[in-house]
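What follows is a short report on a single structure.
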There are 4 protein chains.
Amino acid sequence: MARPPGHGAGYETKRQEIIDKAAALFAEKGYAATGIAEVGDAAGLARGALYYYIGSKEHLLVEIQDRVMRPMLAGVHRIAALDEDPVLRLRLLSQTLLENILARLDHVRVYEHDYRNLRGDNRTRLLSQRREFEGVVQQLLVAAMEDGSFRRLDPGLATLQFLNMHNHTYQWVKPGGEWDARSLSREYCATLFAGFAGPGRRFDDIEDHVSDFLAKRETAAPVPIPRSSGRA
Amino acid sequence: MARPPGHGAGYETKRQEIIDKAAALFAEKGYAATGIAEVGDAAGLARGALYYYIGSKEHLLVEIQDRVMRPMLAGVHRIAALDEDPVLRLRLLSQTLLENILARLDHVRVYEHDYRNLRGDNRTRLLSQRREFEGVVQQLLVAAMEDGSFRRLDPGLATLQFLNMHNHTYQWVKPGGEWDARSLSREYCATLFAGFAGPGRRFDDIEDHVSDFLAKRETAAPVPIPRSSGRA
Amino acid sequence: MARPPGHGAGYETKRQEIIDKAAALFAEKGYAATGIAEVGDAAGLARGALYYYIGSKEHLLVEIQDRVMRPMLAGVHRIAALDEDPVLRLRLLSQTLLENILARLDHVRVYEHDYRNLRGDNRTRLLSQRREFEGVVQQLLVAAMEDGSFRRLDPGLATLQFLNMHNHTYQWVKPGGEWDARSLSREYCATLFAGFAGPGRRFDDIEDHVSDFLAKRETAAPVPIPRSSGRA
Amino acid sequence: MARPPGHGAGYETKRQEIIDKAAALFAEKGYAATGIAEVGDAAGLARGALYYYIGSKEHLLVEIQDRVMRPMLAGVHRIAALDEDPVLRLRLLSQTLLENILARLDHVRVYEHDYRNLRGDNRTRLLSQRREFEGVVQQLLVAAMEDGSFRRLDPGLATLQFLNMHNHTYQWVKPGGEWDARSLSREYCATLFAGFAGPGRRFDDIEDHVSDFLAKRETAAPVPIPRSSGRA
DNA sequence: AATGAATGAGCCTTCATTCAT
DNA sequence: TATGAATGAAGGCTCATTCAT
């Protein structure tokens, strides 16, 4: 379980490579239906060597979940803390969410399908992270209701509608396909914000605000989405 | 392998019972992670007897998928064929969809998660049914755009937004919980229709139309949602 | 782990047969160095079928320990409770002990060598049984000291001397070889009792008392030592 | 495989240290159940470096057996060759035997339990050493019978009684515990010699003879029992 | 003198499935 | 109809050992 204390230069690189390969396989066939041997084959490693890196099959799953949840939570908290209009923050959060989904599509599929295979602490931690994530979204929605941007909705159900719309995307979107995160976010939010809008409210210039914000950000400090390989 | 040609009175009953139990287990732990022995235990049957009813583990999965897809498609086609406004038909379709999801929550979870374990024909047929289903939704959305109810949207993405919103519901809804199909449908459609609305269009009286329609239907011919046990 | 609730006529027989074979193999090569596959080969069973009977490798070890300890403790308690002179009871206990050792020589070897491979409850229970056993011997030795038969010895060390002498026998005795339980017991006790004797005490007629006692017993009720196969 | 021909200053020291650690681990968990990695951890050495010192796991076992048998045989032969009464020589041999057992308790446990894991020549040599050892004891016992000190006993069984009593000690004695070699030897021999005694023979002054002998020895030349680390 | 990385056989165990009864 | 018994492949994982550096 514990990795050997000293490991050479290439160790972590190789380790991340293995997790990549595993994520792809788990996404394709499901965690339970994928054998460790297949992961070894994909990584070009014999079974024994594999365990030198991974500890256990479940640990592999934990790392994949982490790769999804860690940057997602970080991004979401960063955006929620911005000094901007709640609706703009929701739009930015939507885009970050979709960027993360698109950047690690197979990881997300594993994250959504296979968390049932986690047990004990790992499972508990995952579920609490999900709740934390939902909490942030809900707070923004409530803020938007309170300032009149949105009509009075059941906060829980509004959150779930927002998340339904975004989180199911992984089921059909293709990497490098027709849709990128920004366009998707634009469309989703156009629907949701018009659907949630308070009386007399419209959000026609929201995309301009987004452009402004992103331009500001980019000149200040770029925030890259990490690629699938390499720790978040 | 094939079901024995002559079977007694209780055969089909017992068979359906077994599929029920299997669906519950597969939903909880995943298809691949659930053993045939567990199904046998849950059904109170030894392994040998189980195979007398089920043929194979994969066949069990096929039956569960069928139980989801068959009534879903039937309902959707029935509604699409109605001589009603496209927006009302979408609202009715939404409700049917949610009724089916809520009536067979565990089946739906299996349907969404485990179709990757199907192979060959079974898989092909399933995917084509999904496309068929999406086609119907898309046609209604296009019809609503054409009569000006909805603004001009990318038809594919509009469909996916509609389906995202509905199909992700199984991930959090609880049977016998806070939300029933009709309330959920009302809320989802309030958001989606306002979000999709063409210029100057509102759908404030849509729920009245729904009430009227349902009242008519009920006096004419009840269309029950079949319970989880028993063939569709 | 739990054996199936219903099993046929031959189940228990076959199970005992497997434990026999396992005991022989464990005795020869050691528990840890013996593979489950070897047990399967010896029992003429494929690996899968083996597990239908045994539950786990450790469970096999537990059963072997039980087969040693259960009749041993039963015999020892039965004899300690007799209304006879302490020295005679020690002599009878010695014989029972040796009878048990000789009757299940390979089991005893496993019992002495491999209990370290037990963990948790199984280990705890075993150790407490050992202490219980030693307690009975020590009480008899103390009784013999108190009535003057034996000189005043350190009770703990006297017990250990008695047990050293008997328990190491498994390391060299051969089943069906030169020595049977009664002769061995006679010789061991001749040495020990003369060695332990109080001033002026001799036990020249102890073997006559043994003969009398055994004759009495046999006419009353024979107490057979169970063979290696079959539960105690 | 063979030790490298040229090795530096600390090589042998480190090698002995590794064998020490291995003996402790083998004693605790058994040879077969102990991994080479654990030995490496205990010695603070990576697996590769370990093999630089040990050659193979079985070689480690051979060395441990040697550390037990070599000084044991040497001591026993030295004592048997003394020009003293056979009974005194047996008493001295008993003490040496127990000193060796106590000095290397874990080695002895390995020696008694795990010789079955040796194969080929290593095993043969070990067994012949054991027979050699028993032969010496038996000769002394026979000598004591022939001079009338002991009664006429079956020589083989007398030897085995002597060895049973001593060799089982490792199973319960604790290093630094209540009993040291000299006290144990005194008690064991008190029992055995009185038990073996010929008609009218007593050995009341044997401990005085022991004291005399040891005093003589010590002034002449100390014969230290080597500590667990360091070759015999 | 020591290391990290790799191997591949073997470990115990579980699995879906079959079949005589 | 239903069972208990059996199979053999595959499951995840550990092992002693090697070797380039």
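Convention: sequence-line order gives letters A, B, ...; per-chain numbering from 1.
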* Now, which nucleotide makes the Watson-Crick or G-U wobble pair with E:dA5, with each of the two distances under 3.5 Å? -> F:dT18
* Which of these nucleotides, F:dT17, E:dA2, E:dT3, is closest to any side-chain atom of D:Tyr53? -> E:dA2
* Going by the angle between their ring planes, with limits at 30° and 60°, are D:His113 and C:His113 parallel, tilted or perpendicular? -> parallel
* Using a cut-off of strictly less than 4.0 Å, decide whether C:Tyr51 has a side-chain nitrogen or oxygen near OP1 or OP2 of E:dT14. => no
* Asked: C:Tyr11 side chain: which of E:dA6, F:dA5, E:dG4 is closest?
  -> F:dA5
* Determine whether the side chains of A:Gln65 and A:Arg123 contain a donor N or O and an acceptor N or O closer than 3.5 Å. => no
* Asked: Could D:Glu58 and D:Arg119 be called an ion pair, given the rule that one side-chain N must be under 4.0 Å from one carboxylate O?
  -> yes
* To do: Let me know the distance between CD of A:Glu58 and C1' of F:dC13, rounded to the nearest Å.
  => 14 Å
* To do: Mark yes or no: A:Lys57 above the aromatic ring of A:Tyr51, with NZ or CZ under 6.0 Å from the six-membered ring centre and no more than 45 degrees from the axis.
  => no
* To do: Quickly work out the C:Glu17 CD to F:dA5 P distance and round it to whole Å.
  => 13 Å
* DNA chain F: C:Arg47 or A:Ala49, which has the more 5' nearest nucleotide? -> C:Arg47
* Asked: If we call it a pair only when both distances are under 3.5 Å in a Watson-Crick or G-U wobble match, what pairs with F:dG12?
  -> E:dC11
* **Separation of E:dC12 C1' from C:Arg119 CZ (nearest whole Å)** => 12 Å
* **Nearest-Å distance for atom pair CD1/P, residues D:Ile36 and E:dT3** => 15 Å
* **Whole angstrom value for the distance that separates C1' of E:dT7 from CG of A:Asp41** => 14 Å
* For E:dA6, does OP1 or OP2 lie under 4.0 Å from any side-chain N or O of A:Tyr52? -> no
* Structure fact -> To the nearest angstrom, the CD1-C1' distance between B:Ile54 and F:dA2 comes to 14 Å
* Asked: Less than 4.0 Å between a side-chain N and a carboxylate O, is that true for A:Asp20 and A:Arg104?
  -> no
* Asked: Within the structure shown, what part of the strands sits under 4.0 Å from B:Gly48 by heavy-atom distance: base, sugar-phosphate, or nothing?
  -> base
* To do: Report the distance from atom CG of C:Leu60 to atom C1' of E:dC11, rounded to the nearest whole Å.
  => 15 Å
* Roughly, in whole Å, what's the span from NZ in B:Lys57 to C1' in E:dC15? -> 8 Å
